[in-house]
Q: 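Handing you a structure now.
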Amino acid sequence: MNSSAPFRKIGANLLTSAILAYALTSSAFAQNTGPTMITLDEAIQMALQHNHNMLAMMTTIQQAEAEEITANLRPNPTLFADWEYLPLGAPAHQNPNLYPNVSTNDYLKNNTEGDIGLSYLIERGRKRQHRLQAAKDITAQTRSLVTDNERSLTFSTASLFVNVQLAESTIELAEKDLKSFQKTVDLSQLRYDKGAISEDDYLKIKLQLLQFETDYQQAELARVQALSDLRQLLGYESVSPDYDVAGPFDYQPLKGNLEDFQLKALQNRPDLRAAQQGVTAASSQYELQKAIGKQDVTVQGNYSHVNGINAANFLGSIPLPIFNRNQGEIARSRIAITQAQEQEKATNGQALTDVRDAYEGLRVGDRIVQLYRSGYLDVAQKDRDIAEYAYQRGAVSLLDFLDAERNYRATQLAYRQALASYLLALEQLRQAVGTRALQ
């Protein structure tokens, strides 16, 4: 009896541990059953890693690198062989007068011709090196173009993220207004039942409830559509259907001047870097075309067996550049350099213009948001509260109360839209500068 006590204690401890482990697992599972929350930074990373158009664009880098392998290949040597004047039968049978008592082996040794040789094209003008350099310059430009696509995808993702936040903020406002006005409707029902207000006033209030319910449904639709569009950018299969966004939908002040942002754009914009690399790539093509204009030499060595005699032959050939010296491609590639330089200047100007437009848009958006935050939101809230209080006590008319209610709702909604416009302008500036780190 006493010897079994320790085993009972061990069993009880194991049972307790198992129950605790089950409880913790169940709690963790319950926590994980909620919607997946994604921040803006996580959304951008997911889009860059899983967006199918972006993944397709990234393959262009691998294709360009494969072109480098092709450009660096040397010409293949050419092996050739021939054996001529082979008899279709025994020579002594075909022509006994010319080949009396001549065996086939003797005929093959003394009366046929055989050659085997090797030829090789020697490229002049460092063609292979120029091909490789031109391919590397194209690869570098391709990488910058892919980075520029990442910049555009980042902006699109951030814009849709802000749209989701706006929709959810609008839902919050609509739900709050709906609950608040529902209380007014309920109170009006009591006042109507007691004869304190007319049936016409009660019906007007009840009809006003329709607007709040419609606002809520439209906000829900906007949220669903915004989440669906964002999911497509993030990679449809990589996001659960019930996901949601997380992060503050609030004013984010930004310090900085236009000149600093423009300087950052010139340093960070991948499309400007691609344009600059386009000039380098055009110059490489020009050097390659000049090298192609130099004629290549073909060398050849043969071993020949002719009528019982073994011999060696060595040959060399080179085209005479009398007519075709690749003049057309040399001229075209020279003009292409000028074209690339003009495109670089245009891209440089476009970058500065984009920054200025985005900066001015952000400044205006900032001033509008500050106007609302300076007191107008409080004024609209206070006016509505006063009108509601006064109406419930018969101090103001129904139309005055409904007008104050509409003004409050319109002000709150306009503020949220202004805030979303400001945040979108901030993302536009980040895209124009070419980096998310503006400060």
Q: Which of these passes side chain to side chain donor-acceptor pair (under 3.5 Å) with Arg151: Thr147, Asn149, Thr154, Asp148?
A: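 Between Arg151 and the candidates, side chain to side chain donor-acceptor pair (under 3.5 Å) is satisfied uniquely by Asp148.
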
Q: Please say whether more than 12 non-hydrogen atoms of neighbouring residues, nucleotides or ligands are located less than 6.0 Å from CG in Asn101.
A: no

Q: Donor-acceptor check, side chain of His305 to backbone of Lys109, threshold 3.5 angstrom: yes or no?
A: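 Indeed, once roles are kept as given, a pair shorter than 3.5 Å links the two residues.
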
Q: Do Phe249 and Val164 have side-chain heavy atoms sitting under 4.5 Å apart?
A: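 With C-beta onward as the side chain, the pair stays apart.
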
Q: Is it the case that more than 12 heavy atoms not belonging to Arg332 sit under 6.0 Å from its CZ atom?
A: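 Yes, the 6.0 Å shell around CZ holds more than 12 heavy atoms from other groups.
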
Q: Determine whether a donor-acceptor pair (N or O, by modelled atom type, separation under 3.5 Å) exists between the side chain of Asn407 and the backbone of Asp403.
A: yes

Q: Before giving the answer on salt bridge (Lys or Arg N to Asp or Glu O under 4.0 Å), spell out for Glu427 and Arg436 the whole-Å C-alpha distance, their side-chain angles and the decisive distance to 0.1 Å.
A: CA-CA 8 Å; Glu427 293 299 333; Arg436 298 192 60 79; 2.8 Å; yes

Q: Between Glu42 and Gln45, is any side-chain donor less than 3.5 angstrom from a side-chain acceptor?
A: no

Q: Hey, which of Thr347, Asp354, Thr353 is the one that makes side chain to side chain donor-acceptor pair (under 3.5 Å) with Gln350?
A: Asp354

Q: Measure across Met54 and Asn51 and return the closest heavy-atom pair with its distance rounded to 0.1 Å.
A: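 Shortest heavy-atom separation between Met54 and Asn51 comes out as N-OD1, 2.9 Å.
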
Q: Using salt bridge (Lys or Arg N to Asp or Glu O under 4.0 Å) as the criterion, list what pairs up with Asp296, not counting sequence neighbours.
A: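 Asp296 satisfies salt bridge (Lys or Arg N to Asp or Glu O under 4.0 Å) with Lys127 once adjacent residues are dropped.
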
Q: For the residue pair Asp41 and Thr39, confirm or rule out a side-chain donor-acceptor distance under 3.5 Å.
A: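 Their side chains do not contain a donor-acceptor pair, so the 3.5 Å distance test is not met.
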
Q: Could you report the tightest heavy-atom contact between Phe161 and Leu40, atom names first, then the distance?
A: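 Nearest pair, atom of Phe161 first, then Leu40: CZ-N, 3.5 Å.
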
Q: Donor-acceptor pair, distance only, cut-off 3.5 Å: does the side chain of Ser169 make one with the backbone of Leu166?
A: no

Q: Can you check whether Gln289's main-chain N or O pairs, donor with acceptor, with Asn326's side chain at less than 3.5 Å?
A: yes

Q: Any side-chain to backbone donor/acceptor pair from Gln327 onto Arg325? Under 3.5 Å, distance only.
A: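 Looks like yes, one N/O pair under 3.5 Å.
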
Q: Using side-chain heavy atoms (C-beta onward) and a distance below 4.5 Å, is Val355 in contact with Leu258?
A: yes

Q: Parallel, tilted or perpendicular for Tyr99 and Tyr107, by the 30°/60° rule?
A: perpendicular

Q: Side-chain contact test, heavy atoms from C-beta onward, threshold under 4.5 Å: evaluate it for Asp137 versus Ser283 and give yes or no.
A: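 Answer no - side chains too far apart.
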
Q: Check whether the side chains of Glu344 and Asn348 place a donor and an acceptor atom closer than 3.5 Å, and report yes or no.
A: no

Q: So, does Asn110 use its side chain to make a donor-acceptor pair with the main chain of Asp106 at under 3.5 Å?
A: yes

Q: Should Ile318 and Thr298 count as side-chain neighbours, where that means a heavy-atom distance under 4.5 Å?
A: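 No, side chains not in contact.
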
Q: Judged by atom type as modelled, is there a donor-acceptor pair below 3.5 Å linking the side chain of Tyr408 to the main-chain atoms of Val379?
A: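 Checked: no pair found.
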
Q: With a 4.5 Å heavy-atom cut-off, do Thr112 and Val306 have their side chains touching?
A: no

Q: Quick one about Thr435 and Asn268 (side-chain donor to acceptor, distance below 3.5 Å, no hydrogens or angles considered), yes or no?
A: no

Q: Are Lys136 and Glu65 ion-paired here, with the side-chain N under 4.0 Å from a carboxylate O?
A: no

Q: For a quick test of reading the model, state the closest non-hydrogen atom pair linking Ile337 to Tyr286 and the distance between them.
A: CD1-CB, 3.8 Å

Q: Does the Arg124 side chain pair with the main chain of Gln295, one donor and one acceptor, at a distance under 3.5 Å?
A: yes

Q: Please list, chain by chain and in numerical order, all residues satisfying side-chain hydrogen bond (donor to acceptor under 3.5 Å, both in side chains) with Tyr85, sequence neighbours excluded.
A: none

Q: For residues 223-235, run the donor-acceptor check on the side chains, cut-off 3.5 Å, and write out each pair with its distance to 0.1 Å, sequence neighbours left out.
A:
unit_1 : atom_1 : unit_2 : atom_2 : d
Arg223 : NE     : Glu168 : OE2    : 3.0
Arg223 : NH2    : Asp244 : OD2    : 3.3
Arg231 : NE     : Tyr236 : O      : 3.2
Arg231 : NE     : Val239 : O      : 3.2
Arg231 : NH1    : Tyr236 : OH     : 3.4
Arg231 : NH2    : Tyr236 : O      : 3.3
Arg231 : NH2    : Val239 : O      : 3.0

Q: Could you walk me through whether Leu362 and Leu426 satisfy the side-chain contact (heavy atoms from CB on, under 4.5 Å) test, starting with their C-alpha distance in whole Å, then the side-chain angles of each, then the deciding distance to 0.1 Å, before giving a yes or no?
A: CA-CA 6 Å; Leu362 183 66; Leu426 183 59; 4.0 Å; yes

Q: Establish, from distance only, whether the side-chain atoms of Arg416 and Gln412 form a donor-acceptor pair under 3.5 Å.
A: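 Yes.
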
Q: Checking the side chain of Lys382 only, and the main-chain atoms of Leu377 only, is there a donor and an acceptor separated by less than 3.5 Å?
A: no

Q: Are there more than 12 heavy atoms of other residues, nucleotides or ligands under 6.0 Å from atom CD of Glu172?
A: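 No - once you tally the heavy atoms of other residues, nucleotides and ligands closer than 6.0 Å, there are 12 at most.
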
Q: Just checking, is any N or O donor in the side chain of Asp383 or Gln381 under 3.5 Å from an acceptor N or O on the other one?
A: no

Q: Taking side chain as C-beta onward, heavy atoms only, is Tyr120 less than 4.5 Å from Arg74?
A: yes

Q: Can you name the closest pair of heavy atoms from Ser144 and Arg273 and give their distance?
A: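 Looking at all heavy atoms of both residues, the shortest contact is OG-NE, 3.5 Å.
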
Q: Show, in sequence, the C-alpha distance, side-chain angles and deciding distance for Asp250 and Arg373, and conclude whether the salt bridge (Lys or Arg N to Asp or Glu O under 4.0 Å) test is met.
A: CA-CA 11 Å; Asp250 201 359; Arg373 295 168 64 92; 3.6 Å; yes

Q: What's the shortest heavy-atom distance between Ile368 and Ala418, and which atoms?
A: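 Closest pair (atom of Ile368, atom of Ala418, distance): CG2-CB, 3.8 Å.
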
Q: Using the salt bridge (Lys or Arg N to Asp or Glu O under 4.0 Å) rule, take Glu68 and Arg131 through it: C-alpha gap first, then chi angles, then the decisive distance, then the call.
A: CA-CA 8 Å; Glu68 291 183 24; Arg131 281 198 308 270; over 6 Å; no

Q: Using the side chain to side chain donor-acceptor pair (under 3.5 Å) rule, take Glu259 and Gln262 through it: C-alpha gap first, then chi angles, then the decisive distance, then the call.
A: CA-CA 5 Å; Glu259 291 73 18; Gln262 288 181 329; over 6 Å; no

Q: The test is salt bridge (Lys or Arg N to Asp or Glu O under 4.0 Å); show your working for Arg409 and Glu405 and say whether it passes.
A: CA-CA 6 Å; Arg409 188 175 74 254; Glu405 187 71 47; 5.5 Å; no

Q: Looking only at the side chains, is there a donor atom on one of Gln370 and Tyr251 sitting less than 3.5 Å from an acceptor on the other?
A: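 Per modelled atom types, Gln370 and Tyr251 side chains form a pair under 3.5 Å.
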
Q: Please assess Asp242 against Ser240 for the test side chain to side chain donor-acceptor pair (under 3.5 Å), listing each intermediate value before the final yes or no.
A: CA-CA 6 Å; Asp242 63 341; Ser240 60; 3.1 Å; yes

Q: Which atoms form the tightest heavy-atom contact between Gln165 and Gly247, and what is the distance?
A: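 Minimum heavy-atom separation between Gln165 and Gly247: NE2-O, 3.2 Å.
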
Q: Check the side chains of Asn313 and Ser304 for a donor-acceptor pair under 3.5 angstrom, ignoring hydrogens and angles.
A: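 Yes.
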
Q: Is a side-chain donor or acceptor of Gln141 paired with a backbone partner of Ala274 at a separation under 3.5 angstrom?
A: yes

Q: Just checking Arg356: does its CZ atom have more than 12 heavy atoms from other residues, nucleotides or ligands closer to it than 6.0 angstrom?
A: no

